[in-house]
Student: 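Structure provided below as structure tokens; questions to follow.
Heavy atoms only: backbone and side chains are in, while hydrogens, waters and symmetry mates are out. These figures come from a predicted structure and were not determined experimentally.
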Amino acid sequence: MSTTTPFRTKRARHPHDDAPDTRDAFVRIAALPDGPEKEELRQDVVQVWIPMAHRLAGRYRNRGEALEDLQQIAALGLVKAVAGYDPARGTAFESYAVPTIVGEIKRHFRDHTWDLHVPRRVQQLRTQVRASRRELNLTLGGRSPTVAEIAEHSRLSEEDVLLGMEALDSYSALSLDAELSAAEDGYSLQDTLGVFEAGFDLVVYREAVKPQLSLLPERERRILYLRFFCDMTQSRIAEELGISQMHVSRLIHRTCERIHQKVDAERRRERTPASAG
């Protein structure tokens, strides 16, 4: 069973005040085969570097995520850094650990905190546009910067600026129950949505069959009129026309089927692109 290696703090040698000296521990980790002893030593190293990981997480507080969650994400990045660090490369561990931890935090914000899926490039444009607007607001005397001014300041095209500005409103979604800012009577986004109107389909269907109805013989057209517009039963229609109910039934079925086929054929012709002549 391994014994815990003492870690000495040599602050003068590191750019971070809370960076402990774990060089000897990393050398031992690199020399050990995979197993409990190596894993235990890694955990010891993680423990002494945790304060720095938490400090890095603190930079991202007040961005919609709880500090405790950010600290856990930073700790995950630290574990990855400890596992991936190679002391033989000659660089200090903090030079490898800091970008690994910060990258893990930024990846979390990019992949898990947006309500809408936004490509990484657009997220970066959003960050650049937001920073440029903030800086320009300090020099324009209270006036909002124009798209052209933001583009010049951030060295982006105006299209990219507009894309970044659009992404500014994509970070979090607004509930449909949310009241509109100018509304005083509880009017919400839900109230602005249209509803399905079944009558629209009925208009389309009637217009589609109208040409076919006009081509029917007088008797078939009269039977359909009495059945579907006057709501008469087949028995009454048969009595009025002096034919059997069975005959009326066959005529209705046959006529409706023929109209249906002709309307479908017409729609298929409309959807088929004209062949090149």
Side-chain angles (χ1 to χ4, degrees), residues 1-132 134-135 164 167-168 170-172:
M1 182 175 179
S2 65
T3 56
T4 302
T5 302
F7 303 108
R8 302 181 307 279
T9 301
K10 297 183 177 181
R11 298 185 178 182
R13 297 189 180 184
H14 301 287
H16 301 279
D17 291 339
D18 48 2
D21 185 0
T22 52
R23 289 173 298 176
D24 293 343
F26 277 116
V27 171
R28 287 189 57 201
I29 289 173
L32 286 171
D34 291 338
E37 185 178 359
K38 186 172 187 175
E39 185 59 31
E40 183 179 349
L41 189 54
R42 279 177 173 167
Q43 292 177 8
D44 291 340
V45 172
V46 168
Q47 286 299 319
V48 297
W49 280 93
I50 277 290
M52 190 194 75
H54 285 179
R55 177 174 58 79
L56 293 174
R59 296 178 181 176
Y60 298 87
R61 68 169 70 223
N62 300 325
R63 297 194 185 185
E65 290 288 276
L67 179 60
E68 293 79 6
D69 293 338
L70 294 176
Q71 289 175 342
Q72 290 184 7
I73 296 162
L76 176 61
L78 174 60
V79 170
K80 291 181 178 180
V82 171
Y85 176 63
D86 182 3
R89 294 181 179 273
T91 58
F93 174 66
E94 61 266 28
S95 299
Y96 177 77
V98 171
T100 302
I101 295 169
V102 171
E104 193 71 25
I105 296 173
K106 289 183 176 180
R107 189 177 301 109
H108 171 78
F109 277 103
R110 185 181 71 238
D111 297 339
H112 300 286
T113 62
W114 288 68
D115 287 346
L116 300 178
H117 175 71
V118 177
R120 182 176 182 180
R121 175 177 174 273
V122 178
Q123 294 183 22
Q124 292 172 340
L125 290 175
R126 171 185 178 271
T127 301
Q128 290 177 265
V129 168
R130 183 176 61 180
S132 293
R134 186 184 300 117
E135 293 170 5
L168 288 170
S170 300
Y171 187 80
S172 58

Student: Please name all residues satisfying side-chain hydrogen bond (donor to acceptor under 3.5 Å, both in side chains) with Gln124, sequence neighbours left out, ordered by chain then number.
Tutor: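 Gln124 satisfies side-chain hydrogen bond (donor to acceptor under 3.5 Å, both in side chains) with no other residue.
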Student: Pair up each side-chain donor or acceptor in residues 73-90 with any protein partner under 3.5 Å, not counting sequence neighbours, and list the distances.
Tutor:
{"residue": "Lys80", "atom": "NZ", "partner": "Glu104", "partner atom": "OE1", "Å": "3.2"}
{"residue": "Lys80", "atom": "NZ", "partner": "Glu104", "partner atom": "OE2", "Å": "3.3"}
{"residue": "Tyr85", "atom": "OH", "partner": "Thr91", "partner atom": "O", "Å": "2.5"}
{"residue": "Asp86", "atom": "OD1", "partner": "Ala88", "partner atom": "N", "Å": "3.0"}

Student: Quick one: are Leu56 and Arg59 in side-chain contact, heavy atoms under 4.5 Å?
Tutor: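 When only atoms from C-beta onward are counted, Arg59 and Leu56 do touch, with a gap below 4.5 Å.
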Student: Can His108 and Gln72 be said to form a side chain to side chain contact (heavy atoms under 4.5 Å, CB included), step by step?
Tutor: CA-CA 11 Å; His108 171 78; Gln72 290 184 7; over 6 Å; no
Student: Would a 4.5 Å heavy-atom cut-off, applied to side chains only, mark Val98 and Met52 as touching?
Tutor: yes
Student: Can you tell me how far CD of Glu94 sits from OG1 of Thr22, rounded to the nearest 0.5 angstrom?
Tutor: 8.0 Å
Student: What class does the angle between the rings of Phe26 and Phe93 fall in, given that below 30° is parallel, 30 to 60° is tilted and above 60° is perpendicular?
Tutor: tilted
Student: Considering all heavy atoms of both residues, which atom of Arg61 and which atom of Leu67 are nearest to each other, and what is their separation?
Tutor: NH2-CD2, 3.3 Å
Student: Rounded at 0.5 Å granularity, tell me how far CD1 in Ile29 sits from CG in Asp44.
Tutor: 8.5 Å
Student: Which is it for Leu125 and Gln128 under the side chain to side chain contact (heavy atoms under 4.5 Å, CB included) test, yes or no, and what are the steps along the way?
Tutor: CA-CA 5 Å; Leu125 290 175; Gln128 290 177 265; 4.0 Å; yes
